[in-house]
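Notes follow once the structure below has been shown.
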Amino acid sequence: MPYQGPHDIDPAVRAFLKRDPALFIEGAWRASSDGEQFAVFDPATGKELAKAVEASEGDVDAAVQSAHQAFVDGRWRLLRPADREKVLLKLADLLENRAEAFAQLETLEQGKSIHIARMIEVGASVDWIRYAAGLATKLSGRTFDVSLPGGPSHWTAYTRREPVGVVGGIAPWNFPLMIALWKVLPALASGCSIVLKPSEVTPLTALWLAETALEAGVPAGVFNVVTGGGAVAGRALTSHRLVAKLSFTGSTATGKAIGHAAIDGMKHFTLELGGKNPALVLKDADVAKVIPGLMAGGFLNGGQVCAAASRVFVEAPLYDDLVAGLEQALLGLSVGSGLDPQAQVNPLVSADHQAKVQAYVADARAQGVELRGQIAVPDEGYFVSPALVLNPSEETKLTREEVFGPILNITKVADAEEGLARANDTRLGLAASLWTQDIGAAMDLTRRIEAGTVWVNSHVFIDPNMPFGGFKESGLGRDFGVNWLDGYTEEKSVCIAH
Ligand code: TXE
């Protein structure tokens, strides 16, 4: 049944949107200290959806002080790990029970398909919460034999993992709820407190998440949210002396600035940055499987995915079939609001981002590069047609820079070696995929491709148990997996003479 208009919106979402703009500090809604606000827009219409608080330096200080006090008095850190686990499991249950409302709010502020919002933004988030909840009870150290005077029987040496303190989490707008949780979960599981700053483009679900976490039993002050842009709120958080760890997902340029701020303040940091991710299609690949695989890998969430495929290198014998198949798939897509369950092409997140992606396409067109698969999109809202960009030169901007939109380069290569060389010819290295049925080629190429995640015969699938992060300028550190909490804990050595 197609979306019938605003009356389909969950009453809880309507009520949330009517609230006065506020920050979430010390377990309570707090108005802006100086009255500054900014507008949040519905990408499907370009109309204002809500207002949010532009946090001042003082607001950020209040949030960090609150988180610090909560850490110092141990209201969360000193709970039994099993109790932290229980609270996080309750949070997963609450989010699962309110999945439709969270999904709708996410679609309204971000523009994405309601299906993706339900399945990934909320559905996968629930899995991530339960995974991280389990890690709370798995923190452990190691014991060591030491060669100190008197012999081993006089010494006991071991390590403890202790939470670092206040975490500053800075999240982007492409998966606002899920990526916010990728900051919040390891912080909470390890006993840290967190101040989260969502993107100023999509601040709403993070605020709602914090309130839900309080309801689940996360004590006041342990999880605070400040909204606002990078220049004031972001900088105030990254430079605050009481923040011990920064966890950032976003652009490489901002990531570098945050890395500098982290070093200046001697803070721990994790950076998950952009990608220019290749997909290498070998001539023995099954085109019937590559086409849907790359439709998902390249166009999921309008290509606004850090791990999205953006440069396809295909061995010559498969080139025509692959281009024809992808073009046919694109031309059959329907366009509309993310709330319309039939719409497969949804708006991009903001007017600025729409303009950025359109500029890359215009540059390619001006250089005479062939574009295929474009479809008509509405003037209202931040829509951009998907496109295949055929054999762009190395000088075309969209070959080298992260476009972060529904634009997929397809380049014909003579053989796998040329494909590999071109795939690796980038300063980024987040993710990559190989498409082949030749196990030998797959095993060889997975070792030689420079990327933090390499998929074979799929693209874009991530899992809480699979470490994720970038090579080269795609970032530093890894999220997820059994060692996820290492980045949120200090390793303390204890050495006892007896
Ligand atoms: O990112 P920024 P933007 C890429 C994508 C996109 C481009 C720009 O190519 O087109 O980045 O997007 C906060 N100190 N990705 O401008 O600036 C900011 O408020 C502290 C890839 O949105 O990186 C927001 O919360 N914080 C990506 C967050 O950083 C600062 C996802 C991200 O913003 C700050 C999104 C500062 N000085 C965009 N400046 C991915 N890796 O998934 C900004 N921020």
Side-chain angles (χ1 to χ4, degrees), residues 38 40 52-55 57 60 64 109-110 112 120 168-176 178-180 182-183 195-207 225-240 243 246-262 264-265 267 269-277 300-308 310 348-360 382 384 397-398 400-407 427-431 452-453 460 462 468-470 472-477 479:
F38 61 94
V40 181
V53 170
E54 184 73 61
E57 218 177 305
V60 173
V64 175
E109 70 170 340
Q110 206 279 339
K112 60 170 42 90
I120 300 178
I170 298 182
W173 44 252
N174 55 332
F175 284 92
M178 185 168 71
I179 299 181
W182 293 350
K183 318 293 175 208
V195 177
L196 174 72
K197 195 200 80 60
S199 165
E200 58 275 34
V201 186
T202 54
L204 302 179
T205 44
L207 288 164
V225 178
V226 291
T227 52
V232 177
R235 274 173 210 251
L237 186 57
T238 55
S239 61
H240 201 292
V243 171
L246 295 172
S247 176
F248 172 76
T249 301
S251 64
T252 294
T254 301
K256 286 182 183 179
I258 286 171
H260 284 294
D264 283 347
K267 304 175 192 309
F269 61 104
T270 308
L271 303 175
E272 200 268 274
L273 310 177
K276 192 69 207 168
N277 309 302
L300 177 82
N301 203 31
Q304 300 164 115
V305 178
C306 51
S310 65
L348 299 189
V349 73
S350 67
D352 282 352
H353 192 56
Q354 176 192 36
K356 174 187 158 178
V357 175
Q358 284 169 336
Y360 281 112
Y382 311 138
V384 171
K397 275 195 198 154
L398 48 61
R400 309 220 68 91
E401 297 172 15
E402 184 181 48
V403 178
F404 223 61
I407 310 297
R427 63 189 175 83
L428 299 170
L430 188 61
T453 298
V460 99
I462 55 174
F468 184 74
K472 302 196 270 188
E473 292 196 16
S474 286
L476 285 172
D479 284 326

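Counting convention: from 1, in listed order, for ligands and their atoms alike. Keep in mind that the numbers below use all heavy atoms, side chains included, and drop hydrogens, waters and symmetry copies. Starting from 1, each residue takes its place in the sequence as its number. Everything quoted here is computed from the prediction, not taken from an experiment.
Within ligand 1, counting atoms from 1 as listed, the ones closer than 4.0 Å to a heavy atom of His353 are 10 (O). The ligand atoms of ligand 1 that sit less than 4.0 angstrom from a heavy atom of Glu402 are 4 (C), 5 (C), 9 (O), 15 (N), 21 (C). Close approach of ligand 1 to Lys356 (heavy-atom distance below 4.0 Å) involves ligand atoms 5 (C), 6 (C), 7 (C), 9 (O), 10 (O). Atoms of ligand 1 lying under 4.0 Å from at least one heavy atom of Asn174, given by number and element, are 31 (C), 42 (O). Close approach of ligand 1 to Pro172 (heavy-atom distance below 4.0 Å) involves ligand atoms 31 (C), 35 (C). When each atom of ligand 1 is checked for a heavy atom of Glu200 under 4.0 Å away, the hits are 18 (C), 19 (O), 24 (C). Every atom of ligand 1 is numbered from 1 in the order shown, and the set under 4.0 Å from a heavy atom of Ile170 is 13 (C), 20 (C), 25 (O), 26 (N), 28 (C), 29 (O). Using a 4.0 Å cut-off to heavy atoms of Pro198, the atoms of ligand 1 that qualify are 25 (O).
Checking atom 33 (O) of ligand 1 against the protein gives no heavy-atom contact under 4.0 Å. Checking atom 29 (O) of ligand 1 against the protein gives a heavy-atom contact under 4.0 Å.
Ligand 1 lies nowhere less than 4.0 angstrom from a heavy atom belonging to Phe175. Residue contacts with ligand 1 leave out Gly475, since none of its heavy atoms falls under 4.0 Å from the ligand. Remark: distances from the non-hydrogen atoms of Ala171 to ligand 1 include one below 4.0 Å.
Of the options Thr254, Thr249, Ile258, the smallest heavy-atom separation from atom 43 (C) of ligand 1 is shown by Thr254. For atom 41 (N) of ligand 1, the nearest non-hydrogen atom from the set Gly250, Gly229, Ala307 comes from Gly250.
Proximity of Pro176 to Lys112: side-chain heavy atoms (C-beta onward) are separated by under 4.5 Å at one or more points. Within the 4.5 Å cutoff, no side-chain heavy atoms of Phe404 are placed close to those of Leu348.
Around atom CD of Glu57, no more than 12 heavy atoms belonging to other residues, nucleotides or ligands sit under 6.0 Å away.
Of all protein heavy atoms, the one closest to atom 12 (O) of ligand 1 is Trp173 NE1, 3.8 Å.
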- Begin with the C-alpha distance, continue with both residues' side-chain angles, and end with the deciding distance and a verdict on side-chain hydrogen bond (donor to acceptor under 3.5 Å, both in side chains) for Lys267 and Thr238. CA-CA 9 Å; Lys267 304 175 192 309; Thr238 55; over 6 Å; no
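Both the backbone and the side chain of Ser251 come within contact range of ligand 1, each with a heavy atom under 4.0 Å.
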